[in-house]
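All remarks here apply to the structure that follows.
Residue numbers count from 1 along this sequence.
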Amino acid sequence: MKNRIAKLAIVGTIALSFALSSVLAQAQGRTNSPAKQAAGGPPAAASQTPDEAIVEARQAFVRNDPARFEAAARRVDRDHPLAKYLEFWRLRMSLREQQSAEVPGTASADRLIRRFLNEHQDTVVADLMRRDWLLDLGKRRNWELFDAQYAAWVLRDDDQVHCYHWLGRVERGLPADGAHAAVDAPRHLGDGCGDLLAAMSKARLADRERLHRRLLAGLEADSRDSVERAAELLGLDQSAVARAWTRPLAALAKDGGRDITMIALSRYARSNPQEAARWLEEMRHGLRGADLDFAWSQVAAAGMRRLAPQAYAWTLNALDARVGDDTLAWMARAALREQQWPTLRRIVERMSDEGRSDPAWAYWHGRALLAGGEPAAGRERLRGVAGGFHFYGQLAAEELGDLVRTPPRAERPGEAEIAAAAANPGFSRALRFYEIGLRLEGNREWNFQLRGMDDRQLLAAAEFACRRQVLDRCVNTADRTRDQHDFALRFVAPFVDDLKPVAAARELDPAWIYGLIRQESRFIMDARSSAGAKGLMQIMPATGRWIARKLGVEGFRVSQLDDLQTNLQFGTFYLRTVLDKLDGSPVLASAAYNAGPGRPLNWRSTLPGPVEGAIFAEIIPFSETRDYVKKVLSNAVIYAELFSGQPQSLKTRLGTVWPQAAGGADDVP
């Protein structure tokens with residue numbers, strides 16, 4: 001043990017020395033010294049430009065390669081507009097190395113970080129650095145420094161940091177009224193929230209019942225980390241917990257007690273809800289009361305995620321379960337599929353205030369009230385949703401008798417307002433990042449500048465982005481306005497002369513194609529998804545090759561998907577193909593474009609009867625596809641209104657989805 005501590009101390013000293021010398025050298029302008037070149041690893045290519053060196057350094061940072069990083073950093077002058085990122089990445093690598101070696105930070109490292117924050121105040125890199133430092137300070141229990149930095153932290157976007165804040169108060173015996181909400185918020189406890197839960201248990205701020213509820217919340221989220229941490233605090237046998245998680249059927253064969261049985265049944269339901277239901281029906285588990293209700297809720301939710309025909313019957317067994325909004329949402333979808341409005345109403349009314357306020361459940365709650373003969377209450381509920389420029393806002397307005405209309409266009413920003421946006425150094429850094437292909441950093445820089453902007457400033461920034469052809473930032477920035485709106489910026493329609501002839505040739509609605517592109521790529525010509533989809537219409541390479549064969553394109557290369565005409569021709573061909581395969585339903589075809597045509601065919605086959613297109617969209621079992629379909633069709637009706645000047649019906653576009661046996665799309669990728 002002593003040797004390990006000594007070894008870690010040496011590693012920490014080396015890491016700190018590396019960070020200290022590197023940052024000081026950069027600050028003092030000695031980045032090209034012979035000594036530094038010798039220590040920094042192989043030099044970068046002599047022909048490499050400073051921008052290329054920034055990209056190289058970022059790649060080295062991601063791969064945690066200090067030698068390659070320093071070789072690239074030497075090619076960047078201190079006055080380069082993105083030079084501060086070199087300091088940022090260098091400091092983050094140093095923190096990462098300390099944490100991987102389990103070495104606590106030091107006062108010298110803290111001084112380095114504090115100096116960086118002081119030199120780069122009110123920048124996104126400073127706030128990102130502060131967030132990482134807060135995580136390190138929380139792990140070290142350096143509460144004095146933590147408190148000061150937590151108060152200055154702008155982004156407020158990390159549950160673990162918030163948990164460390166409350167942990168510091170619990171450990172010092174300070175008022176910690178927000179600790180319960182903080183520890184309940186994340187799906188996965190992680191280090192900060194896990195330590196907070198343990199401290200709350202030790203301080204008797206979390207009794208066994210609360211620990212048990214946190215264990216159940218972990219089961220609802222399918223979070224092994226959360227379940228194991230709560231189970232440890234409950235004193236459960238860890239080997240039994242592990243067996244229940246990884247081999248639930250084997251665990252159910254033994255009498256492991258209430259909590260072990262709950263873990264095993266919840267895990268078993270994830271993979272086989274029918275068999276888990278049989279266990280519950282045969283009462284082979286010994287669960288009673290609230291525990292039995294919870295177990296049924298997990299079977300019902302798992303069943304609905306698989307669109308099992310029994311999901312509604314299982315939901316009826318779980319109506320009194322004390323569960324979170326996510327489980328209740330799956331149970332509500334089971335009732336919605338069956339169009340059982342009284343049950344749907346009961347489930348939504350059991351959600352939290354936040355859950356009931358979600359536009360989806362506010363809308364369906366209003367519909368349930370109308371179906372239950374309470375028109376005044378139902379219309380009042382719908383009015384609370386109808387003002388939103390989104391799928392359920394549009395549906396609610398239409399339910400109240402108003403077709404989809406865009407609001408009056410705000411006065412366009414003047415040249416002085418646009419010049420102010422152009423002078424923003426953060427926007428300039430963002431544009432430079434876009435030029436060199438580092439879109440993540442560019443988006444962070446851009447979005448950080450939008451904090452606190454009023455509608456006029458947002459519209460000016462959006463107009464500036466459009467002029468610079470950064471269309472995704474134009475759209476996203478205009479989307480943020482609260483009272484003054486410009487839907488020509490929110491819903492840009494570039495290359496219309498290229499798209500409309502292609503749409504006409506395929507007999508497709510241009511508004512739908514634009515709605516799809518807006519969701520797929522936000523009009524980024526060279527967009528790349530994590531899965532490899534390319535271009536405006538985000539076509540997968542394998543799908544591109546299939547389309548090329550169908551169209552008789554000789555010598556097709558995947559790189560051609562970056563070409564505007566090729567991408568539009570291929571994307572619209574595929575969209576027409578799936579539309580024809582799916583009976584002309586835009587709902588099913590939009591789902592097919594995202595998830596492949598086989599899945600919506602299978603989903604449709606599970607319907608007990610015909611349903612509104614909006615109901616089908618809500619019960620799609622894939623969260624990504626469900627969100628995608630809603631946004632594409634919501635976009636489409638707005639584009640249609642902008643193109644035609646006439647109010648539009650989202651309900652008409654959604655139509656009705658009819659049950660039909662699966663099959664018929666095996667030849668379409």
Below 4.5 Å, heavy atoms only, C-beta onward: do [X] and [Y] meet side chain to side chain?
| X | Y | result |
| --- | --- | --- |
| Leu211 | Leu215 | no |
| Phe622 | Trp603 | yes |
| Lys630 | Tyr392 | yes |
| Trp296 | Asp293 | no |
| Leu155 | Leu128 | yes |
| Arg346 | Asp320 | yes |
| Glu349 | Trp361 | no |
| Met129 | Glu87 | no |

For the backbone of [Y] and the side chain of [X], can you confirm whether one donor and one acceptor N or O come within less than 3.5 Å of each other?
| X | Y | value |
| --- | --- | --- |
| Arg169 | Pro175 | yes |
| Ser266 | Met262 | yes |
| Asn142 | Leu137 | no |
| Arg480 | Leu450 | no |
| Arg306 | Arg270 | yes |
| Arg58 | Val55 | no |
| Glu618 | Ala614 | no |
| Gln160 | Gly192 | yes |
| Gln238 | Leu236 | yes |
| Asp325 | Ser352 | yes |

- request: Might you work through the ring pair (Phe, Tyr, Trp, His ring centres under 6.0 Å) test for Phe433 and Tyr85, ending with a clear yes or no?
  value: CA-CA 11 Å; Phe433 273 126; Tyr85 275 81; 4.8 Å; yes
- request: List the steps, then state whether salt bridge (charged side-chain N to carboxylate O under 4.0 Å, His left out) holds for Lys631 with Asp627.
  value: CA-CA 6 Å; Lys631 287 180 176 175; Asp627 183 64; 3.2 Å; yes
statement: Sequence neighbours excluded, the answer for salt bridge (Lys or Arg N to Asp or Glu O under 4.0 Å) partners of Arg356 is Asp353
message: Listing request: all disulfide (SG to SG under 2.5 Å) pairs with a residue in residues 159-250, at least two apart in sequence or in separate chains.
response: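 Counting only pairs at least two positions apart or across chains, the disulfide (SG to SG under 2.5 Å) contacts touching residues 159-250 are Cys163-Cys193.
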Flag if over 12 foreign heavy atoms under 6.0 Å of [atom1], [X]:
| X | atom1 | value |
| --- | --- | --- |
| Arg599 | CZ | no |
| Arg172 | CZ | yes |
| Glu232 | CD | no |
| Glu209 | CD | yes |
| Arg141 | CZ | yes |

task: Under the side-chain hydrogen bond (donor to acceptor under 3.5 Å, both in side chains) rule, what do Glu228 and Trp245 come out as? Steps first, then yes or no, please.
output: CA-CA 9 Å; Glu228 289 181 340; Trp245 189 269; over 6 Å; no
Under 6.0 Å from the ring centre and within 45 degrees of the ring axis: does the NZ or CZ of [X] meet both conditions for the six-membered ring of [Y]?
| X | Y | value |
| --- | --- | --- |
| Arg96 | Phe61 | yes |
| Arg451 | Phe448 | yes |
| Arg130 | Trp133 | no |

message: Distance check, rounded to the nearest 0.5 Å: Leu112 atom CG versus Leu95 atom CG?
response: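 Leu112 CG to Leu95 CG: 10.0 Å, rounded to 0.5 Å.
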- line: Taken to the nearest 0.5 Å, the spacing of Leu265 CG from Arg267 CZ works out to 12.5 Å
- prompt: Relative to the ring of Phe116, is the ring of Phe88 parallel (under 30°), tilted (30 to 60°) or perpendicular (over 60°)?
  reply: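 Aromatic pair Phe88/Phe116 classed parallel.
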- prompt: Relative to the ring of Trp89, is the ring of Phe69 parallel (under 30°), tilted (30 to 60°) or perpendicular (over 60°)?
  reply: perpendicular
- prompt: Does the side chain of Arg258 pick up a donor-acceptor pair with the side chain of Thr261 at under 3.5 Å?
  reply: no
- request: Give the intermediate values and the outcome of side chain to side chain contact (heavy atoms under 4.5 Å, CB included) for residues Ile620 and Tyr628.
  value: CA-CA 10 Å; Ile620 289 172; Tyr628 176 89; over 6 Å; no
- prompt: Could you go step by step and tell me if Arg156 and Asp127 meet the salt bridge (charged side-chain N to carboxylate O under 4.0 Å, His left out) rule?
  reply: CA-CA 9 Å; Arg156 321 298 285 186; Asp127 213 56; over 6 Å; no
